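Structure first, then comments.
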Amino acid sequence: MNQNKQLADLLFPHIEKTPDYYEAKYPQRQLPEGAKVTRFAPSPTGYLHTGALYAAMIPERLAHQSGGVFFLRIEDTDKKRELEGGVMEIINSLKSFDVVFDEGMTGENSENGIYGPYKQSERKEIYQAIAKVLVEKGLAYPCFCSEEDLNEIRAKQEESKQNPGYYGQYAKHRNASFDEVKAELEAGKGFVLRLKSPGKPENRIVIDDLIKGIVEMPENDQDIVLLKSDGIPTYHFAHAVDDHLMRTTHVIRGDEWLSSAPIHVQLFEMLGWEKPRFAHVSPVLKMDGTSKRKLSKRKDPEAAVSYYHEVGYPAESVREYLLNLINSNYEEWRMANPTAPNTEFAVDLSKMGTSGALFDLVKLTDISKDRVALMSADEVYDMTLQWAQQYDAELAEQMKSNEAYTRAILGIERGVEKPRKDIAKWSDVRGYLGYFYDSWFEEYTKEGYEFPGNLPNDDVIAVLDAYKNTYNKADDKDTWFERAKTAAEKLGFARDAKTYKKDKESYKGHIGDFMSVIRVAISGRKNTPDLYELLDIMGEERLKARFDKAIKSI
RNA sequence: GGCCCAUUGGUCAAGCGGUUAAGACACCGCCCUUUCACGGCGGCUACAGGGGUUCGAAUCCCCUAUGGGUCACCA
């Protein structure tokens, strides 16, 4: 016993503070009953991944909908993988999707909150203080094995078909005496600190996971590394220390951690700390040929969260979609509450799928169309412009130099009971209204016009000619249409589709075909918003010019 | 290989021992309509396979198959 104390001092001579000191420094949080304290704890190893956004939204919602605290902790214990500027990248990306923190890192080297530091590389002293006590209690010990030693052990184990690892009889430094340790140290050898695991694999432990349910696993018997040779903790140890001292109540993390949960449970128990609740989230998958795989940064553009900004999906739409993957009943809630902010939806872990969900851009698009359809013309204008200024300067230019015109176009069939759903992302806007701009119209027609099939050119010209003389800007919608129908009839078109269907032989087509000719001539496309409003906004002069241009092209 | 987890239509998924096995997206039809849309209606397709338990199984148990995760001084 005494020897353990001696050993602890030998190993950590500079550590003065005790766990009690930290317990006092980081008091229990005073929060209302049921409030959850959650965190997002990424490594700053690159840009934000869609899966990470997904994984961050869950604890964020859980904390905020329960009146709790959501904080950002940076796990930078692996210096080899760290990337410059990684912290800001994470913060800004999440913020752009309305995932905001109450506490934790706020910049590369700034933070707020009293449970810090929130960057693991700055918590070395804390980990070591806890580790020191573990040594004192005989629950941890230094190991001087080199990489080669470890490889040798593993080779032996593989040969005899035993579980690989550092445990039991293979843990050769486990019971080294104080003098032996001292000798190694004096010989200048570095060490890692290992847990003296009391676990036996024949014992089973039970984890009550909030998503996966009851999971039974063998107890951990590996003398896992607590502190690496540079004195920095491994994930396992850092997780236990941090989440305890930061008073995390719910650990929500990727399910790749589930299999090491026995280690974590054991650590909490050995340290005499109350365990947080665990929730292991399945990854977002992607269809690759006929099989599913994790969304991959290298292969899938949509894996980088920046993708959505680039193509211009509103952040709100992406949130909606992700929420939909998190809890599939989100959709029902949305139908019942079409205009409520999505933060009013209560995320429920028990309703999460236990297997990974497939990421589906088509569904995202659909959801986004619904969202955009509910926006006002001004909102669409502003958000598109903002997007275009960064990603489509030409469009931004057009919008600004034709502002009133553009706003009017965006207002067509918007704000009505059944709004159009043409726009899913801001990059769609260019195609949606590009032909309105005279300087772009050329582009739309340079391949020629696509008039409705099987209509002879003469008829097309006749339609255009007739219509040119019929159009009267002063007409209201009904008069306008009546006039068009009459003109159509004179040229041998049926007034309505029904009449045409009854007797196809007698007509060249029906009013729809007639209108199609006009639509194509004026827009170069077969699909546009309401013609009446469109013509009204374009104005008579433009209309006539475009008709002439079309006739000339035939 | 050991240990975990998963498997309901093309996709997301409800379902927790008795259901005609929801709904949404996609696709296909039809209808509405004064054009384009929106919308409405309908269709299409599913419990991975095999054994049990039970009066009764998508639901519970076992085996098999397939997919995923994990077995580092990485997180």
Side-chain angles (χ1 to χ4, degrees), chain A residues 41-43 45 75-78 80-81 120 143 145-147 150 154 158 161-166 190-194 201 207 209 212-213 215-218 222 224-230 232-236 238-239 253-262 280 282-283 285 287 291-294 321 324-325 327-332 334-335 351 353-360 362-367 373 412-413 416-422 477-478 480-482 484-485 488 495-498 510-516 518-519 523 525-534:
Chain A
S43 304
T45 54
E75 312 222 323
D76 59 342
T77 56
D78 184 7
K80 277 166 269 168
R81 304 200 315 170
Q120 290 184 331
C143 164
C145 283
S146 64
E147 210 179 314
L150 261 16
R154 179 165 307 115
E158 269 164 21
K161 295 221 166 107
Q162 302 208 51
N163 267 343
Y166 201 87
F191 68 92
V192 300
L193 193 75
R194 284 183 185 273
I207 289 163
D209 188 274
K212 307 265 182 191
V215 181
E216 222 183 87
M217 278 183 279
Q222 298 272 341
I224 54 134
V225 172
L226 262 19
L227 257 24
K228 300 184 252 184
S229 51
D230 55 6
I232 288 178
T234 56
Y235 172 87
H236 308 299
H239 149 58
R253 65 199 345 178
D255 72 354
E256 68 269 24
W257 292 110
L258 185 59
S259 49
S260 43
H280 290 96
S282 303
L285 306 175
M287 208 63 196
S291 63
K292 298 175 181 178
R293 47 147 243 260
K294 249 176 153 168
Y321 176 63
N324 187 256
L325 287 187
N327 278 174
S328 70
N329 58 319
Y330 177 80
E331 219 160 2
E332 289 165 37
R334 181 41 99 196
M335 269 189 264
K351 289 195 175 116
T354 45
S355 55
L358 259 200
F359 191 88
D360 185 357
V362 177
K363 180 92 177 183
L364 201 210
T365 298
D366 177 73
I367 286 178
I412 299 176
E413 292 176 274
V416 296
E417 199 185 338
K418 291 172 182 172
R420 297 183 64 89
K421 298 183 179 178
D422 300 287
K477 197 166 178 179
D478 288 337
W480 167 78
F481 205 75
E482 199 46 47
K485 283 203 278 195
R495 284 184 77 85
D496 52 62
K498 265 186 199 154
H510 59 84
I511 183 69
D513 300 315
F514 181 87
M515 285 302 195
S516 249
I518 294 160
R519 169 170 280 122
S523 69
R525 324 167 84 225
K526 282 189 265 196
N527 174 316
T528 71
D530 184 84
L531 251 190
Y532 174 76
E533 289 191 54
L534 188 151

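Letters A, B, ... mirror the listed sequences (proteins, then strands); counts begin at 1. The basis for the numbers below is simple: all heavy atoms, side chains too, and nothing from hydrogens, waters or symmetry mates. Predicted, not measured: the structure shown is a model, and the values here were computed from it.
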- At their closest point, which heavy atom of A/M515 faces which heavy atom of A/A484, and how far apart are they? CE-CB, 3.6 Å
- Query: Over how many whole Å does the gap from A/K212 atom NZ to B/C5 atom P extend?
  - Reply: 9 Å
- Message: Can you confirm whether A/R334 sits close enough to A/I367 that some side-chain heavy atom of one is under 4.5 Å from a side-chain heavy atom of the other?
- Response: no
- Is B/C25 in the syn or the anti form, by the rule that syn lies within 90° of 0? anti
- Message: Do A/K212 and A/S282 make a side-chain contact, defined as non-hydrogen atoms from C-beta onward lying under 4.5 Å apart?
- Response: yes
- Task: Let me know the distance between CD of A/Q162 and C1' of B/C3, rounded to the nearest Å.
- Result: 16 Å
- Note on the structure: In whole angstroms, the gap separating P of B/G40 from CE of A/M335 amounts to 10 Å
Can you give me the N/O atom pairs linking the protein to nucleotides 62-65 of chain B at distances under 3.5 Å, or say none if there are none?
none

- Note on the structure: Output for pair (A/L364 CG, A/D360 CG), nearest 0.5 Å, gives 8.5 Å
Any protein N or O atoms within reach of nucleotides 36-39 of chain B? Criterion: under 3.5 Å, listing atom names and distances.
| unit_1 | atom_1 | unit_2 | atom_2 | d |
| --- | --- | --- | --- | --- |
| B/C36 | O4' | A/R519 | NH1 | 2.8 |
| B/C36 | O4' | A/R519 | NH2 | 2.9 |
| B/C36 | O2' | A/T528 | N | 3.4 |
| B/C36 | O2' | A/T528 | O | 3.1 |
| B/C36 | O2 | A/R420 | NH1 | 2.3 |
| B/C36 | O2 | A/T528 | O | 3.1 |
| B/G39 | OP1 | A/K421 | NZ | 2.7 |

- Can you check whether A/V225 reaches A/Y166 side chain to side chain, under 4.5 Å on heavy atoms? no
- How are the rings of A/Y235 and A/W257 set to each other: parallel, tilted or perpendicular (split at 30° and 60°)? parallel
- Sub-3.5 Å donor-acceptor pair from the side chain of A/K228 to the main-chain atoms of A/T234, do we have one? no
- Task: Figure out the CG/P separation between A/N329 and B/G15, and round it to whole Å.
- Result: 9 Å
- Task: For the residue pair A/D255 and A/P283, establish whether any side-chain heavy-atom pair is separated by less than 4.5 Å.
- Result: yes
- Query: Between atom OH in A/Y321 and atom P in B/C25, what is the gap in whole Å?
  - Reply: 14 Å
- Note on the structure: Note: A/R420 and A/N527 closest approach over all heavy atoms is NH2-OD1, 3.9 Å
- Item | For atom NZ of A/K161 and atom C1' of B/G1, their distance in whole Å | 8 Å
- Item | Rounded interatomic separation in angstrom, taking CG from A/N324 and C1' from B/A14 | 13 Å
- Tell me the stems RNA chain B sits in, counting at least three consecutive Watson-Crick or G-U wobble pairs, each under 3.5 Å on both distances. B:1-7 with B:65-71, B:10-12 with B:23-25, B:27-31 with B:39-43, B:48-52 with B:60-64
- Item | Side-chain heavy atoms of A/S43 within contact of A/T77, under 4.5 Å | no
- Atom-to-atom span, NZ of A/K485 to P of B/U33 - whole angstrom: 11 Å
- Rounded P spacing from B/G40 to B/C5 in Å: 42 Å
- Start at the 5' end of RNA chain B and walk down; is the nucleotide closest to A/N163 or to A/D360 reached first? A/N163
- Item | RNA chain B: 5'-proximal contact among A/E332 and A/M515 (nearest heavy atom) | A/E332
- When rounded to the nearest 0.5 Å, the distance separating CZ of A/F514 from CZ of A/R519 is 12.5 Å
- Hits for side chain to side chain donor-acceptor pair (under 3.5 Å) against A/E482, two or more places apart or cross-chain, chain-then-number order -> A/R495
- Item | Span that lies between the P atom of B/C31 and that of B/G67, in whole angstrom | 47 Å
- Say you pick atom P in B/G43 and the same atom in B/G23; how far apart are they, in whole Å? 10 Å
- Using side chain to side chain donor-acceptor pair (under 3.5 Å) as the criterion, list what pairs up with A/K421, not counting sequence neighbours. A/D370
- Task: State, with a plain yes or no, whether a side-chain heavy atom of A/L227 is found less than 4.5 Å away from one of A/F191.
- Result: no
- Quick one: what's the B/S/- string for nucleotides 70-75 of chain B, heavy-atom cutoff under 4.0 Å, read 5' to 3'? S-SBBB
